[in-house]
J.: 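I have a structure here, written as structure tokens, and I will follow up with some questions on it.
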Amino acid sequence: MARGVMLMSGGIDSPVAIHYLLRQGHEIVAVHMDNRPFTDDSPLAKVIDHLGLLRERYRQPIPLYLVPHGSTQTTLMRETDRHVGCVLCRRFMWRSAERIAEREGATFLATGEALGQVASQTLSNMRSATASVHLPIVRPLIGFDKQEIEAVAKAIGTYSISTRPGVCCQAVPDKPATRSNLIQILREEERVDADRIIDDCVRRAVVL
Amino acid sequence: MYRQLRVCASGGGIEAVPEERVVLDLARIGAELRRRGIPVVDARVMLIASMDPEVTIARTGRLLFKTARAAEAEKAFETLRAWVGLPSVRPV
């Protein structure tokens, strides 16, 4: 079995994805990109509660890295095209997760993405978001629809945590790009010092 | 004029949305809040002011108060209105 790093948002999908990986016997390290002040405290509280439940169910420690991401969002919003903000944001998340994977000796990255479930989860956006990471990316829910994911979330007890009230990410643009062009994304990213930003965020990460 | 404050779609905050299309002068609002000692994050199309509760001020005029308590949001709205000159809320 392998060791992987899972991005966890506090939403419905990521705990279901982690459940399938744990069920197969993989070791998981969780990463939460802390979007405050663009969200409130609720996403982190949800991730902590999701992991509490999954740790108990699978008798696995599941360390949680909390990576500050709010200052990255501010920089992206100030310096880059808002339309592609979600794709750029995810590129930073993936690269931070990959750094943590290197530190943790993990050999894959994982996410709760399901194709086409939200406007930003299109093939072109996924490609643009992950083009700069090298580890394989596992998406256990890629072909699931929302009802299937919710049914599993209810069965494993994470649904009621995910659906608690909270403040959505305020950095999401009104009309996020659904078909991104990697060349355009790279051009936008050149407006900021991506390596320095990622170095700084990973350095400031704390393990909970 | 703002519509009545209401719980936001995800249920974790209370928002105020202007009835007409407006473009707030975020530079002026940010400067005024800082002058009063309020830390402000400037994200170009929105400000996030560390008031109590924290509030997001979008250029479009939408305000989001990070609290589920209506009384706290209303108090912060009135404070903001007095400080930076926002339109009032339409009475019920």
Side-chain angles (χ1 to χ4, degrees), chain A residues 9-13 34-49 68-86 88-89 92 118-119 146 159-177 188 191-192 197 201, chain B residues 5-18 20-31 33-34 37-77 80:
Chain A
S9 63
I12 294 170
D13 304 340
D34 181 1
N35 257 333
R36 290 174 293 182
F38 292 93
T39 60
D40 59 2
D41 298 338
S42 64
L44 174 59
K46 290 177 186 181
V47 168
I48 288 170
D49 289 350
H69 192 55
S71 58
T72 305
Q73 291 280 25
T74 304
T75 303
L76 292 175
M77 289 178 75
R78 290 176 65 91
E79 306 296 336
T80 66
D81 179 359
R82 286 272 291 141
H83 189 55
V84 294
C86 289
L88 288 169
C89 167
F92 283 81
V118 294
K146 193 74 194 168
Y159 184 82
S160 59
I161 298 169
S162 304
T163 52
R164 294 193 308 228
V167 170
C168 290
C169 179
Q170 298 296 297
V172 174
D174 291 338
K175 291 177 184 166
E188 285 300 316
R191 295 174 189 270
V192 302
I197 290 170
C201 289
Chain B
L5 273 60
R6 64 187 182 198
V7 176
C8 72
S10 54
I14 292 177
E15 66 179 1
V17 182
E20 306 89 19
R21 189 173 178 277
V22 297
V23 179
L24 296 182
D25 180 352
L26 294 185
R28 181 187 66 77
I29 292 171
L33 291 172
R34 287 189 189 97
I38 304 292
V40 176
V41 173
D42 179 356
R44 192 164 55 115
V45 295
M46 67 180 68
L47 303 175
I48 301 171
S50 296
M51 297 173 61
D52 186 20
E54 195 171 77
V55 57
T56 301
I57 306 166
R59 192 166 55 190
T60 58
R62 179 178 180 261
L63 309 174
L64 178 75
F65 300 93
K66 289 180 190 157
T67 177
R69 296 188 179 94
E72 280 183 8
E74 280 163 20
K75 188 175 167 199
F77 179 82
L80 254 185

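Because the structure is predicted, anything quoted here is derived from the model rather than measured. In what follows, chains carry the letters A, B, and so on, assigned in the order in which the sequence lines appear, proteins first and then strands, with residues in each chain numbered from 1.
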J.: Contact between A/C86 and A/P173 at the side-chain level, heavy atoms closer than 4.5 Å - yes or no?
T.: yes
J.: Do you know which of B/P53, B/A58, B/S10, B/A68 has the most heavy-atom pairs with chain A at a distance under 4.5 angstrom?
T.: B/S10
J.: With heavy-atom distances below 4.5 Å as the criterion, would you say the side chains of A/F92 and A/T75 are in contact?
T.: no
J.: Can you name the closest pair of heavy atoms from B/A49 and B/I38 and give their distance?
T.: CB-CG2, 4.1 Å
J.: Just so I understand: if I count every heavy-atom pair under 4.5 Å between each of B/V41, B/D42, B/V45, B/V7 and chain A, which residue has the most?
T.: B/D42
J.: Is it the backbone or the side chain of A/T39 that comes under 4.5 Å from a heavy atom of chain B, or both, or neither?
T.: backbone
J.: Distance alone, cut at 3.5 Å: any donor-acceptor contact between the side chains of B/T56 and A/Q170?
T.: no
J.: Looking only at heavy atoms and a cut-off of under 4.5 Å, which of A/R82, A/E79, A/Q73 has the most pairs with chain B?
T.: A/R82
